[in-house]
There are 2 protein chains.
Amino acid sequence: MTTRTAAQRRELAAIEYNAFVRECPTHKLLSRISDKWVSLTLVALAGGPQRYSELTRTMPGISEKMLTQTVRSLERDGIIARTAHASVPVRVDYRLTPLGETLLPVMRQIKDWAERHIDEVEEARDYFDGATSDSA
Amino acid sequence: MTTRTAAQRRELAAIEYNAFVRECPTHKLLSRISDKWVSLTLVALAGGPQRYSELTRTMPGISEKMLTQTVRSLERDGIIARTAHASVPVRVDYRLTPLGETLLPVMRQIKDWAERHIDEVEEARDYFDGATSDSA
DNA sequence: CAGAATCCAAGGGGATACTG
DNA sequence: CAGTATCCCCTTGGATTCTG
């Protein structure tokens with residue numbers, strides 16, 4: 001007898017939904033570009049190719065581990081390309097691929113919205129905070 | 001004598017950069033909408049207002065804690081609005097604000113890019129994985 | 001210079017139980 | 001119904017060290 005229908009069904013639905021979310025292209029993209037270092041790397045490379053060490057200087061807050069991890073994953077996704085020059089001190093360049101370039105307009109629209117509406121958000125936030133914790 | 005210039009300056013730069021990133025509107029927006037539950041809530045409410053319990057059914061994977069946290073933060077940012085009806089069993093509706101609606105085109109562009117290019121990403125990924133770990 | 005490997009602390013997020 | 005509060009796990013990401 002299936003007594004635990006409520007909990008069971010909820011659990012199943014949750015599992016399915018999570019699977020669906022994982023499969024959802026939009027969510028995949030969002031989780032890619034929303035990554036702090038991913039977006040910053042994209043912006044950094046939008047201005048042209050950069051070397052590994054240049055990137056560490058462009059993004060002073062990034063650790064080597066995170067930089068390596070970030071460029072590797074972006075390379076894997078075909079968003080940036082890696083070029084190793086076999087010189088004496090190895091030299092590696094990273095640049096956006098054509099696919100990566102198509103991402104720039106998207107980033108730009110996000111940037112536009114942010115710059116246009118962030119003030120409204122701040123205001124709403126102040127108002128909300130004032131309204132809830134009114135110390136009067 | 002300032003001996004530790006290298007490490008010190010790196011550290012300072014990192015701190016400043018992190019502060020800059022935190023202040024950056026684009027990054028603020030990205031971290032908002034990239035949140036798994038935020039984006040899903042936005043999509044859910046794009047189709048019209050929903051009650052608290054409806055949202056839990058629309059997003060079966062979400063916990064009550066996360067739903068509350070998500071709607072509260074979106075309300076604070078002026079992106080969604082909360083309306084409590086003082087009926088016997090309390091009834092609360094959530095809907096997008098005009099500001100929240102302006103976010104939909106942005107979400108749509110993200111969705112478009114994802115649906116148009118996700119295949120290329122998958123291919124690149126397969127190629128990359130095949131090229132690196134070639135079991136020959 | 002470019003990167004791999006290890007260690008470890010902080011916090012995001014889920015499950016559960018309780019409340020008005 | 002619409003939350004709130006607590007516990008706890010497990011991932012994320014930084015610091016450090018080592019290598020080709």
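A, B, ... follow the sequence lines: proteins, then strands. Residue 1 opens every chain.
Applying the salt bridge (charged side-chain N to carboxylate O under 4.0 Å, His left out) definition to pairs two or more places apart or across chains, none involves residues 44-64 of chain A. Screening residues 79-113 of chain A for ring-ring contact (aromatic ring centres under 6.0 Å, His included) gives A:W113-A:H117 as the qualifying pairs, with residues at least two apart or on separate chains. Residue pairs meeting the salt bridge (charged side-chain N to carboxylate O under 4.0 Å, His left out) criterion with at least one partner in residues 93-107 of chain B, sequence neighbours excluded, are B:R91-B:D93.
Across the protein-nucleic acid pair, B:H85 atom NE2 and D:dA2 atom C1' stand 13 Å apart, rounded to whole Å. If you take CZ of A:R72 and P of C:dA5, they are 11 Å apart, rounded to a whole angstrom. The separation between A:E64 atom CD and D:dG14 atom P is 13 Å, rounded to whole Å. Atom pair A:N18:CG and C:dA15:C1' shows a separation of 14 Å (rounding to whole Å applied). We find that OH of B:Y52 is positioned 14 Å from C1' of C:dG20, with the value rounded to whole Å. Rounded to an integer number of Å, the gap from A:I80 CD1 to C:dA2 C1' is 14 Å. If you take CE of A:M59 and P of D:dG14, they are 12 Å apart, rounded to a whole angstrom.
When the side-chain nitrogen and oxygen atoms of B:R51 are compared with OP1 and OP2 of D:dC1, none of them lie within a distance under 4.0 Å. In this structure, B:Y94 reaches the D:dG3 phosphate: one of its side-chain N or O atoms is under 4.0 Å from OP1 or OP2. B:S53 has a side-chain polar atom (N or O) that falls below the 4.0 Å cut-off from OP1 or OP2 of D:dA2. OP1 or OP2 of D:dG3 sits under 4.0 Å from a side-chain N or O of B:R82.
Every salt bridge (charged side-chain N to carboxylate O under 4.0 Å, His left out) that A:R72 has, sequence neighbours left out, goes to A:E75. Checked against salt bridge (charged side-chain N to carboxylate O under 4.0 Å, His left out), B:E122 has the following partners two or more places apart in sequence or in another chain: A:K28.
By the 4.5 Å heavy-atom criterion applied to side chains, B:L55 and B:L45 are counted as neighbours.
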Polar atoms only, N or O, under 3.5 Å: list the protein pairs with nucleotides 10-13 of chain D and their distances.
residue : atom : partner : partner atom : Å
D:dG13  : N7   : A:K65   : NZ           : 3.1

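Both A:D93 and B:I62 lie near DNA chain C, and the one whose nearest nucleotide falls closer to the 5' end is A:D93.
Here the shortest heavy-atom pairing between A:T68 and A:V71 reads O-CG2, 3.3 Å.
Within 4.0 Å (heavy atoms only), A:T68 reaches sugar-phosphate atoms of the nucleic acid but no base atom.
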